[in-house]
Amino acid sequence: MAAELTAHELIAKHRPTLDQALEAIRTRAYWSPHPEHPKAYGENGSLDAAAGKAAFDALLGTRLDLGQPGTDGWVSGEVSPYGPELGVEYPHADVDVLLPAMKAGQKAWREAGAEIRAVVCLEILKRISDRTHEFAHAVMHTSGQAFMMAFQAGGPHAQDRGLEAVAYAYVEQVRTPDTAEWTKPQGKRDPLALTKQFTPVPRGIALMIGCNTFPTWNGYPGLFASLATGNAVLVKPHPRAVLPLALTVQVAREVLAGAGFDPNLVALAAERPGEGIAKTLATRPEIRIIDYTGSTSFGDWLEANARQAQVYTEKAGVNTVLVDSTANYKGMLSNLAFSLSLYSGQMCTTPQNLLIPRDGIRTDEGPKTFDEVTADLARSVDGLLGDDARANALLGAIVNPDVKARLEAAAGLGEVALASREVANPEFPDAVVRTPVIVKLDGAKPDDEAAYMSECFGPVSFAVAVDSAADAVELLRRTIREKGAMTVGAYTTDDEVERAVQEVCFDEAAQLSLNLTGGVYVNQTAAFSDFHGSGGNPAANAALTDGAFVANRFRVVEVRREA
């Protein structure tokens, strides 16, 4: 365990970073304190590539004892999407013992104040950052992400999102002053005078329900937003992706103890096979905040049944790209090909439906028919993934059998413009690696509508023929309204079409990317600048990260006295 740090030392160490984060969320300019390149690590206590891999390997087949109260057994069972069993054992909690222990530390944590809580959170993030290489392997072998994506998305990008949440939490808590002197004139009589004290108080224990695909990137915003606002946090990982969040809990407990706080403010709830503890935990009266990323069905259940808690959900949507015209046809195809391929489409932001007028589109290479656009996009994907080594680096592995089943079934839904193929991974022969499938559908046919109006999570996209750009705009509106969307993209050189698409996104609250042809993709968002989701359509009831994501995790309690 690292040496203890006093409150003064933590403020001196981390206040400059907090101030930079506050400036970044104000300006929305690019900034990150966490290096994206693997070679940036290895100094000042951080693990380089070899040390990080060795640290990960040393975890395999071991018991990760977090020292939590109420441990009544041990659970394991994670199998990497690349094949190997991880063999790590985690504590199983008797929640009747663990939850009261978590609550006991909240008084001192509340009294510490917003600044101390923020810098303690930043120390947690710093120690996680120092172990980014180790965490990257943990993310890779639980999510199926290829190593470089696991390193960046599971490491610095996730840490950025955690820091962003801390910054927003701090802003909201200091919006109200700690104290105020209130004087009301009474004419000839003595004025009324009160001293008022305002204290942010936590809601209670927060439950963070992790996901399989992005355990840290999706998990850190809620975890750190709740912790920074004074709440204890119980982390319930996805059964197939426990290790990255268990390591996070381990670091958090060490930092809290070292800073003089109760380590039980952060704890892990791993589950036995088939136990399904998320529903049980979500409705306990001690749980006052829930963060969830995953299926629409369980997200809807949480919103309907966890009535005692403030529930933040990121569920599923049908992400759509409208293709009307472009001034850079090759750039458009290249950009879309990468967006469809990255992590085998296993992102909540990956485009699913490509709405293309059946009479074709205008391009800088002349008019292109619907069939030409779909064929050219298929060739672009083939070109991107033609080399198996590059394909493995982009695609990663299929995360679970359900994704593979959807991919295989999609080919029977319509005419296949691009068939999926199997890619061998020499390093991990048991990995299931598949290239995307693109299926052509007709927007006017009811049978086809049943397919494209349902989320098909994974490397499946539908090229949907529509009668016109205006019809595409209306289908886009209906899709967002009925099914939700985390992302919307559009390609057009027509000002009226652009305005119409923007109005739909304003009306239905969806994040829009226009005419991306370079190295920024519709399924990527940057912390401190981009909002992930909007909280305004069925895909999610919260945005990562805005004031609304943190402000209701605490309430302000006033104590007033006569002066």
Side-chain angles (χ1 to χ4, degrees), residues 1-2 4-11 13-15 18 66-70 93 95 97-128 162-163 165-176 178 197-208 219-235 248-269 284-291 309-310 549-559:
M1 179 175 162
E4 294 184 7
L5 288 172
T6 66
H8 178 75
E9 290 168 330
L10 284 169
I11 291 171
K13 182 178 181 181
H14 294 299
R15 182 72 212 206
L18 177 60
L66 300 174
Q68 296 183 173
V95 293
V97 176
L98 180 58
L99 290 175
M102 295 182 71
K103 191 173 180 63
Q106 283 195 155
K107 180 177 184 291
W109 188 233
R110 181 198 74 219
E111 291 175 346
E115 184 179 41
I116 296 297
R117 288 194 293 270
V119 295
V120 169
C121 287
L122 265 61
E123 177 66 16
I124 296 169
L125 286 164
K126 174 63 170 67
R127 295 194 197 178
I128 291 171
L163 175 53
V166 173
Y168 271 96
Y170 179 79
V171 166
E172 294 299 328
Q173 289 174 97
V174 301
R175 187 182 301 281
T176 303
D178 293 337
Q197 176 186 357
F198 304 96
T199 302
V201 298
R203 278 189 172 269
I205 298 174
L207 174 66
M208 193 280 280
Y220 284 4
L223 192 166
F224 284 100
S226 289
L227 192 61
T229 49
N231 304 277
V233 184
L234 181 59
V235 176
T248 301
V249 170
Q250 182 185 55
V251 173
R253 291 176 64 85
E254 290 175 356
V255 171
L256 286 162
F261 296 101
D262 191 335
N264 296 321
L265 286 165
V266 179
L268 185 77
R284 286 191 65 116
E286 302 97 326
I287 299 299
R288 303 303 303 278
I289 301 167
I290 297 173
D291 287 278
Q310 182 71 29
F549 185 68
V550 299
N552 216 9
R553 294 171 191 264
F554 68 95
R555 308 310 298 164
V556 177
V557 173
E558 176 184 356
V559 177

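Note: hydrogens, waters and symmetry copies are ignored here, and every other heavy atom, side chains too, is used.
Considering all non-hydrogen atoms of both residues, Gln106 and Ala232 come closest at OE1-N, 2.8 Å. The minimum heavy-atom distance linking Ser226 with Ile289 is given by the pair OG-CG2, 3.9 Å. Pairing each heavy atom of Val550 with each of Glu172, the nearest pair is CG2-CG, 3.5 Å. Nearest heavy-atom pair across Leu18 and Ala118 is CD2-CB, 4.0 Å. Here the closest non-hydrogen pair linking Val120 and Ala259 is CG2-CB, 4.2 Å. What you find for Arg253 and Pro263 is that their closest heavy atoms are NH1-O, 3.2 Å.
Atom CG of Leu223 and atom CG of Asn231 lie 11.0 Å apart (nearest 0.5 Å). Atom CG of Leu207 sits about 11.5 Å away from atom CZ of Arg284, to the nearest 0.5 Å. In this structure, CG in Leu256 is found 10.5 Å from CD in Glu123, a value given to the nearest 0.5 Å. Distance CE/Met208 to OG1/Thr248: 7.5 Å, rounded to 0.5 Å. Rounding to the nearest 0.5 Å places CG of Asp291 at 4.0 Å from CZ of Arg553. Atom OG1 of Thr229 is separated from atom CG of Leu227 by 8.0 Å, given to the nearest 0.5 angstrom.
Put simply, the side chain of Gln310 reaches to within 4.5 Å of the side chain of Arg203, judged on heavy atoms. Inter-residue side-chain proximity for Ile11 and Thr6 is flagged as unmet; no heavy-atom pair is nearer than 4.5 Å. His8 is not listed as a side-chain neighbour of Leu5, based on a closest heavy-atom distance of 4.5 Å or more.
Leu122 pairs in a side-chain contact (heavy atoms from CB on, under 4.5 Å) with only one of the listed residues (Arg127, Arg15, His14), which is His14.
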query: Between Val266 and Ile124, does a side chain to side chain contact (heavy atoms under 4.5 Å, CB included) hold up when you go through it step by step?
result: CA-CA 11 Å; Val266 179; Ile124 296 169; 5.7 Å; no
message: Please determine whether side chain to side chain contact (heavy atoms under 4.5 Å, CB included) holds for the pair Val249 and Leu66, giving the CA-CA distance in whole Å, both sets of side-chain angles, and the decisive distance to 0.1 Å.
response: CA-CA 8 Å; Val249 170; Leu66 300 174; 3.9 Å; yes
- prompt: Are Arg117 and Gln173 close enough, and set up right, to give a side chain to side chain contact (heavy atoms under 4.5 Å, CB included), and what steps lead you there?
  reply: CA-CA 11 Å; Arg117 288 194 293 270; Gln173 289 174 97; 2.5 Å; yes
task: Decide side chain to side chain contact (heavy atoms under 4.5 Å, CB included) for Val251 and Leu125; before the verdict, give the C-alpha distance in whole Å, the side-chain angles of both, and the deciding distance to 0.1 Å.
output: CA-CA 9 Å; Val251 173; Leu125 286 164; over 6 Å; no
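A side-chain donor-acceptor contact under 3.5 Å links Gln68 to the backbone of Leu268.
With a 6.0 Å radius and a threshold of 12 heavy atoms from other residues, nucleotides or ligands, Lys13 has its NZ atom above the threshold.
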